[in-house]
Asker: 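Sharing a structure here in structure tokens format.
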Amino acid sequence: MQGKLIDTNLFDLVEKEIGTDSYFPKYYKEIEWKTQLKYVSDASDFVEPYGRILSVGCGFGVNEILMKEMNSEIEDIVGVDVVPSKVQYMRKIVKKIGLDNIESIHADGDRLPFPDNSFDCLFQIESLSHMEDPPRALGESVRVLRKKGTIYVLDFNNGMNPRMIYRSWKLKHFQNVSEYPVNPFFISAELRNLNVEDIEVAPYIFPSELRGFRKDFWRMMKKRRRMGILFSPGFMLKGRKVS
């Protein structure tokens, strides 16, 4: 890890900027800062990002700020989000901490306002399962990637895990919240049709959940990736655009 902001709890800064009425402080209340650092560090180790980055579904920009701080090979990051208020808050937060190589834009993930071949890496962090048309979003993501660029997907709505499918069903029918579990192997097939190769899929669980027996069980499952996907609430996926 590197960067002066690694030791700064950005959750506190975000809460101060957006106020306690937002869902953000409630959502992150139980997450320790060191857990968030591990979460972003895991993504960095898996992808090894570089150059110009696009983050689809950037939210308030915490992941993007940390990603930039942890990776000296990143030149700049552009974040897009469908919620205008999140984009505005991200701009305020980035300005507050004095960064000039991170920007945010209001846009839909399935209609990206960028020319073809614009980015070296693209991140879909906990965003694909919130989109009604994942194949179209993936097509847009690959379109704006440069040749040999890397696409990275991290999602905690693993469509291979029956428990996560049931969770999404309950949210839709009892809380009127629409989430769409995504199957990493369907995504892999879709990406191959879009000229993406060297696809790697790994099960993933949020770092704070790794305690006691679960931690030992998880070590075993990571060695058996296909079986691990069935038990994991989340997954990481990466691939390289070949043309």
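The figures here come from the full heavy-atom set of this structure, side chains too, leaving out hydrogens, waters and symmetry mates. Counting begins at 1 with the first residue of the sequence.
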Asker: Please report the interatomic distance OG(Ser141) to CZ(Arg136), rounded to the nearest 0.5 Å.
Answerer: 12.0 Å
Asker: Are Leu138 and Ile199 in one and the same hydrophobic cluster, where Ile, Leu, Val, Met, Phe, Trp and Tyr link if side-chain heavy atoms are under 4.5 Å apart?
Answerer: yes
Asker: Taking a hydrophobic cluster as the set of Ile, Leu, Val, Met, Phe, Trp and Tyr residues connected by side-chain heavy atoms closer than 4.5 Å, whether directly or through intermediates, do Met236 and Leu37 fall within one such cluster?
Answerer: yes
Asker: When you measure from the side chain of Arg91 to the backbone of Ser104, do you find a donor-acceptor pair of N or O atoms at a distance under 3.5 Å?
Answerer: yes
Asker: List the atom of Pro184, the atom of Met160, and the distance in Å for their closest heavy-atom pair.
Answerer: CD-CG, 3.8 Å
Asker: Which pairs pass salt bridge (charged side-chain N to carboxylate O under 4.0 Å, His left out) with one or both residues in residues 137-148, sequence neighbours excluded?
Answerer: Asp116-Arg143, Asp120-Arg146, Glu140-Arg143
Asker: What verdict does the side chain to side chain contact (heavy atoms under 4.5 Å, CB included) test give for Met90 and Cys58, after you've listed the backbone C-alpha separation in whole Å, the side-chain angles of each residue and the deciding distance to 0.1 Å?
Answerer: CA-CA 8 Å; Met90 181 175 172; Cys58 59; 3.6 Å; yes
Asker: Do Pro49 and Asn71 touch side chain to side chain, with heavy atoms closer than 4.5 Å?
Answerer: yes
Asker: Hey, is the main chain of Gly57 close enough, under 3.5 Å, to the side chain of Ser127 for a donor-acceptor pair?
Answerer: no
Asker: Between Lys241 and Asn117, is there a side-chain heavy-atom distance shorter than 4.5 Å?
Answerer: yes
Asker: Check Gly109 against Met131 and note the closest heavy-atom contact, atom names and distance.
Answerer: CA-CE, 3.9 Å
Asker: Within the distance-only criterion (no hydrogens, no angle test), does the side chain of Asp81 pair as donor or acceptor with the backbone N or O of Val83 below 3.5 angstrom?
Answerer: yes
Asker: Side chains of Ile125 and Tyr39: does their closest heavy-atom pair fall under 4.5 Å?
Answerer: yes
Asker: What's the separation between atom CG in Asn195 and atom OG in Ser243, rounded to the nearest 0.5 Å?
Answerer: 3.5 Å
Asker: Stepwise, does the side chain to side chain contact (heavy atoms under 4.5 Å, CB included) test hold for Val78 with Ile53?
Answerer: CA-CA 6 Å; Val78 179; Ile53 310 295; over 6 Å; no
Asker: Roughly how far, to the nearest 0.5 Å, is the SG atom of Cys121 from the CG atom of Leu145?
Answerer: 7.5 Å
Asker: What are the two closest heavy atoms between Ser168 and Asn157, and how far apart are they?
Answerer: OG-OD1, 3.4 Å
Asker: Quick one: OG on Ser44 to CD on Glu73, what's the gap to the nearest 0.5 Å?
Answerer: 12.0 Å
Asker: State yes or no: do Met70 and Ile74 share one hydrophobic cluster built from I, L, V, M, F, W and Y residues joined by side-chain heavy-atom distances below 4.5 Å, directly or via other members?
Answerer: yes
Asker: Which atom names give the shortest non-hydrogen contact between His106 and Val82, and what distance separates them?
Answerer: NE2-O, 3.1 Å
Asker: Does the side chain of Ile105 reach to within under 4.5 Å of the side chain of Phe114, using non-hydrogen atoms?
Answerer: yes
Asker: Is there side-chain contact between Asp155 and Gln124, with at least one heavy-atom pair below 4.5 Å?
Answerer: no
Asker: For the ring pair Tyr204 and Phe235, is the centre-to-centre distance below 6.0 Å?
Answerer: no
Asker: Working to the nearest 0.5 angstrom, can you tell me the gap between Leu99 CG and Asn101 CG?
Answerer: 6.0 Å
Asker: Can you confirm whether Ile187 sits close enough to Leu237 that some side-chain heavy atom of one is under 4.5 Å from a side-chain heavy atom of the other?
Answerer: yes
Asker: Any sub-3.5 Å donor-acceptor pair from Asp198's side-chain atoms to Gly239's backbone N or O?
Answerer: no
Asker: Run the side chain to side chain contact (heavy atoms under 4.5 Å, CB included) test on Ile151 and Val196 for me, step by step, so that the C-alpha distance in whole Å, both residues' side-chain angles and the decisive distance to 0.1 Å come before the verdict.
Answerer: CA-CA 9 Å; Ile151 182 170; Val196 174; 4.3 Å; yes
Asker: Under 4.5 Å between side-chain heavy atoms, hopping through other hydrophobics if needed: is there a path connecting Tyr89 to Val87?
Answerer: no
Asker: With rounding to the nearest 0.5 angstrom, report the OG to CD distance, Ser55 to Glu64.
Answerer: 3.5 Å
Asker: Parallel, tilted or perpendicular for Phe123 and Tyr152, by the 30°/60° rule?
Answerer: perpendicular
Asker: Would you mind reporting whether Ile65 and Ile93 have side-chain heavy atoms less than 4.5 Å apart?
Answerer: yes
Asker: Should Leu154 and Tyr180 be counted in the same cluster of Ile, Leu, Val, Met, Phe, Trp and Tyr side chains packed under 4.5 Å apart?
Answerer: no
Asker: Are any side-chain N or O atoms of Asn183 and backbone N or O atoms of Phe186, one a donor and one an acceptor, separated by less than 3.5 Å?
Answerer: yes
Asker: Have a look at Phe119 and tell me which of Leu112, Ile77, Val144 forms a side-chain contact (heavy atoms from CB on, under 4.5 Å) with it.
Answerer: Val144
Asker: Should the pair Arg52-Glu75 be classified as a salt bridge under the 4.0 Å nitrogen-to-oxygen rule?
Answerer: no
Asker: I'd like to know if the side chain of Asp76 reaches the main chain of Ile102, judged simply by a donor and an acceptor atom lying under 3.5 Å from each other, with no hydrogens or angles considered.
Answerer: no
Asker: Between Pro134 and Val182, what is the shortest heavy-atom contact and its length?
Answerer: CG-CG1, 4.5 Å
Asker: Does the side chain of Leu66 come within less than 4.5 Å of Gln36's, by heavy atoms?
Answerer: yes
